[in-house]
Amino acid sequence: MGKDTIADILTSIRNADMDRKRVVRIAFTNISESIVKILLREGFLENVRKHRENDKSFLVLTLRHRRNRKGPYIKKKILNLKRISRPGLRIYSNYQRIPRILGGMGIVILSTSRGIMTDREARLERIGGESLCYIW
């Protein structure tokens, strides 16, 4: 049984956001770097830097600070990340059937033949692919 690195990335970010931590450290892979670049570009992350320790590389993510979170802890998720395609069940869609998350306010991260990209980019290039995750 293999390791699902995309689910690990999403779970680490989700847990840090729920625990109100600003910094998350995740393992560096090419897929994680591509996903983190998309999250940074879309405004879900504030900063990303690469860190090397004992011949292992990590990405250190700084989550975007949210001003409306000063009250008591509420078990409501502020940043929603959902893994769609997983190793046991792959979900593919062509560019016409890529779902719109919250009417276009959220994003779908796709793995296409031209690399990992968002749903908007895939629709513009008219290519489909494997739906990796939803973020809203």
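A continuous path of hydrophobic side-chain contacts links L89 to L110 [ILVMFWY only; heavy atoms under 4.5 Å]. Note on I116 and I26: same hydrophobic cluster, where clusters join Ile, Leu, Val, Met, Phe, Trp and Tyr whose side-chain heavy atoms are under 4.5 Å apart, directly or indirectly. In terms of hydrophobic clustering, with Ile, Leu, Val, Met, Phe, Trp and Tyr side chains grouped at heavy-atom distances under 4.5 Å, I127 and I38 are assigned to different clusters. Transitive grouping of hydrophobic side chains (ILVMFWY, heavy atoms separated by less than 4.5 Å) brings V48 and L79 into a common cluster. With hydrophobic clusters built from ILVMFWY side chains whose heavy atoms lie under 4.5 angstrom apart, I31 shares a cluster with V36.
In plain terms, the two heavy atoms of C133 and L10 that are nearest each other are CB-CD1, 3.6 Å. When all heavy atoms of D4 and P87 are compared, the closest pair comes out as OD2-CD, 3.6 Å. Shown here for L63 and D17, the closest heavy-atom pair between the two residues is CD1-N, 3.8 Å. Nearest heavy-atom pair, G106 versus W136, reported as atom, atom and distance to 0.1 Å: CA-CB, 4.0 Å. Closest approach of S85 and R90 over heavy atoms only: OG-CA, 3.2 Å. Closest approach of L45 to L40, counting heavy atoms only: O-CD1, 3.5 Å.
R123 places a side-chain N or O within 3.5 Å of a backbone atom of I98 that can act as its donor or acceptor partner. The backbone N or O of F58 lies less than 3.5 Å from no partner atom in the side chain of R25, so there is not a single donor-acceptor pair. Under a 3.5 Å cut-off, the side chain of R83 and the backbone N or O of L132 do form a donor-acceptor pair. Put simply, the side chain of S12 gets close to the backbone of D8: a donor and an acceptor are under 3.5 Å apart. S32 places a side-chain N or O within donor-acceptor distance of the main-chain N or O of A27, the cut-off being under 3.5 Å.
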Worksheet entry | Derivation of the side chain to side chain contact (heavy atoms under 4.5 Å, CB included) call for E125 and M117 | CA-CA 10 Å; E125 293 190 25; M117 61 179 65; 4.1 Å; yes
Practice prompt. Go through the steps to decide whether F44 and I107 satisfy the test side chain to side chain contact (heavy atoms under 4.5 Å, CB included), and finish with yes or no.
Written response: CA-CA 11 Å; F44 292 106; I107 63 170; 4.0 Å; yes
Fill in: Candidate pair L39 and I13, rule side chain to side chain contact (heavy atoms under 4.5 Å, CB included), full reasoning
CA-CA 11 Å; L39 291 175; I13 294 171; 3.8 Å; yes
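A salt bridge does not link K50 with E33: every distance from a Lys NZ or Arg NE/NH1/NH2 to an Asp or Glu carboxylate oxygen is 4.0 Å or more.
With values rounded to the nearest 0.5 angstrom, L124 atom CG is found 10.0 Å from D119 atom CG. Going from atom NZ of K82 over to atom CD1 of I135 covers 13.0 Å, rounded to the nearest 0.5 Å. Considering CZ of R86 and CD1 of I91, their distance stands at 7.5 Å, rounded to 0.5 Å.
Residues T112 and E121 fail the side-chain proximity criterion, which asks for heavy atoms closer than 4.5 Å.
Using modelled atom types and a 3.5 Å distance limit, the side chains of T62 and R22 yield no donor-acceptor pair.
Considering R64, K37, R120 in turn, R120 is the only one that fulfils the salt bridge (charged side-chain N to carboxylate O under 4.0 Å, His left out) rule with E42.
Within a 6.0 Å radius of CZ in R100, other residues, nucleotides and ligands contribute 12 heavy atoms or fewer.
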